[in-house]
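One structure is given here, and the rest of the page talks about it.
Quick note on labels: first sequence line is chain A, next is B, and so on, each numbered from 1. Fair warning: this is a prediction, and the values are worked out from it, not measured in the lab.
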Amino acid sequence: MYAIVDCNSFYCSCERVFRPDLKERGIVVLSNNDGCVISRTEEAKKAGIGMAVPYYQCREQLEKAGITVFSSNYYLYGDMSRRVMDTLRVIANDSNEDRVEVYSVDEAFIELSHIPPENLNDYAIHLKNTVEQWTGVRVSVGVGPSRVLSKMANRLAKKRPGITNGVLVLQSDQQIREALEETEVSDIWGIGYRYAVKLRDEFGIRSAWQLKHIPLEWARKNLGGVVGVRLIKELCGETMREKKDPLEKKKMIATTRMFGAPVYTLEPLREAIATYTARAAEKLRRQYSAASSLDVFVVTNGSKGKPYQYQPGTDHRYFNLPRPSSVTHELIAHAMPLVTSLYREGVKYLKAGVILGGIVPDNSVQADLFSAEQQKNKTALMDVMDNLNFSMRGDVIRYGATGTTRHWTMRQDKRSPRYTTRWEELFEVGKGKVD
DNA sequence: TCTGGGGTCCTAGGACCC
DNA sequence: TCTGGGGTCCTAGGACCC
């Protein structure tokens, strides 16, 4: 059996922990650049604020409903996430077994073969209560024979807070059948918008219970090959995936951003790409990797008059490095000609990004006979930069190519203090009203 | 005027090899 | 120029997730 522990409205919950005055009041958190709503409390949902709605479209509505708006504060959410996961590890792990699989910033699976079936419900309640008591973040817990079924349990637990108290265990055939019948295919983990439409319109399949009974060969043909087959088996209670190794390295590293305001000239475009390349290179070094390809892309405003989602207008250029590198200035040097060749005068640029691929362990990079000494120096330089920037918690030293004026950086007008990661922004007891 | 930023896995098809 | 069978590697694109 598996449990999934999922934080309720995670970003909003994090804000609430340090703003007890907002305990019973609505909160939303905005995406980067204060673009759209990405986290909502129950009060905000009830006020009719949709997920992923652009901020400018619901601003008035939010004001009228007295809902507090925050820009996203990833320092805070990252640190709160660590606390939640640490709590789960304390409860679920023993010295020789790591049963916690962190799935995303606000979710973790826990493998439960060590818990007797009759104790599963109490155990799930214990998980929930402990996380809430230790971190202040509210969570829901779903338990089932496979990961897909535990996700289904979690969703139903959230849907019926009064009945389930945020915990639901799917154990008997009867319980599982009822859950499957009650769940629409579009609400199954692994069925996205397109498959849901296809299943409904072409085949008349609406409930998870119906989907569970389709032949595997049919799933292979119509639901993305082996992915579809695995999904059906998971619905039947079979576990189709081993725990992911937490040491596994990323196969692709991307840094992409909308600009705070549109960009029309080459210079800021180059600064932005240099900045994103530097950030991506940091991520690369943090996992002891080097990249062998570099892809630069820009997004223009596309054709006028069309709705946003139909006007991507992206253009990209990529470059294969003569040998893999994680040295910031080498990568920037390769990226700059790509930006210059992409740039066209008079075009309005909204967004840009860098994607590093062909990622290999940095110790496997072939040493160049004639430049071993230089290479050592570059590595030492990167170490110094990373250590300085990390210990000072900011870009204390940067490359000149990343710019000095930087008018293109994102907007974040309503960010809360970084309460848990900066001394000068520490939460002060007695300043606010605390229960 | 103003719509996020990451990732994963899989398949098909082309280039190339023996 | 035609003829076969069996592979690998790479890229683009589609689907999904939070």
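- The number of heavy atoms from other shown groups lying within 6.0 Å of CD (A:Glu202) is above 12.
- Using a 4.5 Å heavy-atom threshold, the side chains of A:Ile355 and A:His316 count as separate.
- Within a 6.0 Å sphere centred on NZ of A:Lys45, heavy atoms belonging to other residues, nucleotides or ligands number more than 12.
- Side-chain atoms of A:Glu107 never come within 3.5 Å of backbone atoms of A:Ser104 as a donor-acceptor pair (strictly under, hydrogens ignored).
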- Query: Stepwise, does the side-chain contact (heavy atoms from CB on, under 4.5 Å) test hold for A:Ile91 with A:Tyr123?
  - Reply: CA-CA 10 Å; A:Ile91 303 169; A:Tyr123 189 81; 3.9 Å; yes

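- The gap from the P atom of B:dT3 to that of C:dC18 amounts to 25 Å, rounded to the nearest Å.
- Residues from residues 275-295 of chain A that place a heavy atom under 4.0 Å from any atom of DNA chain B, listed by number: A:Lys283.
- Over its length, the helix from B:dG5-C:dC18 to B:dC18-C:dG5 turns its helix axis by 10°, as judged from the five terminal pairs at each end, rounded to 10°.
- Not counting sequence neighbours, the partners of A:Ser31 by the side chain to side chain contact (heavy atoms under 4.5 Å, CB included) test are A:Cys36, A:Ile38.
- For the pair A:Ile253 and A:Arg230, nearest-nucleotide mapping onto DNA chain B gives the more 5' position to A:Ile253.
- Using a 4.0 Å cut-off, no side-chain N or O of A:Lys250 falls inside it from OP1 or OP2 of B:dG6.
- Residues passing the ring-ring contact (aromatic ring centres under 6.0 Å, His included) test with A:Trp218, sequence neighbours excluded: A:Phe203.
- The residue A:Asp106 sits close only to the backbone: its heavy atoms come under 4.0 Å of sugar-phosphate atoms, none of a base.
- If you measure from atom CE of A:Met258 to atom C1' of B:dG6, you get 15 Å, rounded to the nearest angstrom.
- With a 6.0 Å radius and a threshold of 12 heavy atoms from other residues, nucleotides or ligands, A:Tyr288 has its OH atom at or below the threshold.
- Regarding A:Leu350, its CG atom lies at a distance of 10 Å from the P atom of B:dG4, rounded to whole Å.
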Distances under 3.5 Å only, N/O to N/O: pair up the protein atoms with those of nucleotides 12-16 of chain B.
none

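- To the nearest angstrom, P of B:dT3 lies 17 Å from CE of A:Met51.
- Ring geometry for A:Phe109 versus A:Tyr103: interplanar angle over 60°, hence perpendicular rather than tilted (30 to 60°).
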Show me the protein contacts with nucleotides 7-10 of chain C, counting only N or O atoms at under 3.5 Å.
none

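- Closest approach of A:Val296 and A:Ala335 over heavy atoms only: CG2-CB, 4.1 Å.
- The CZ atom of A:Arg257 sits 16 Å away from the C1' atom of B:dT3 (whole-angstrom rounding).
- Counted by atom type alone, A:Asn154 and A:Ser140 present zero donor-acceptor pairs between their side chains at under 3.5 Å.
- The residue A:Lys151 sits close only to the backbone: its heavy atoms come under 4.0 Å of sugar-phosphate atoms, none of a base.
- Counting any heavy atom pair closer than 4.0 Å across all strands shown, A:Thr255 reaches sugar-phosphate atoms only and no base atom.
- Ion pairing of A:Asp86 with A:Arg83 is absent here, as no side-chain N (NZ or NE/NH1/NH2) approaches a carboxylate O to less than 4.0 Å.
- One atom, CG of A:Leu62, and another, P of B:dC2, lie 20 Å apart when rounded to the nearest Å.
- Note on A:Ile188: only backbone sugar-phosphate atoms sit closer than 4.0 angstrom, heavy atoms only; bases stay farther off.
- The existence of a salt bridge linking A:Glu217 and A:Lys221 is excluded, since no basic side-chain nitrogen approaches an acidic carboxylate oxygen closer than 4.0 Å.
- C:dC17 atom C1' lies 11 Å from atom CZ of A:Phe109, rounded to whole Å.
- In this structure, A:Leu223 reaches neither bases nor backbone, as no heavy-atom distance under 4.0 Å exists between it and the strands shown.
- Put simply, OH on A:Tyr77 is 17 Å from P on B:dG4, counting in whole angstrom units.
- A:Arg138 CZ: 12 or fewer foreign heavy atoms inside a 6.0 Å radius.
- Tested against A:Pro417, the residues A:Arg422, A:Glu425, A:Glu424 include a single side chain to side chain contact (heavy atoms under 4.5 Å, CB included) partner, A:Glu425.
- Contacts of A:Asn32 with the nucleic acid, taken as non-hydrogen atoms under 4.0 Å apart, involve only primed sugar atoms and P, OP1 or OP2.
- Counting to the nearest Å, the C1' atom of B:dT3 and the CZ atom of A:Arg59 are 14 Å from each other.
- Between A:Lys221 and B:dT11 there is no side-chain polar atom (N or O) within less than 4.0 angstrom of OP1 or OP2.
- Residue A:Tyr55 is out of contact with every strand shown, counting any heavy-atom pair closer than 4.0 Å.
- Note on A:Val53: nothing from the nucleic acid sits closer than 4.0 angstrom, heavy atoms only.
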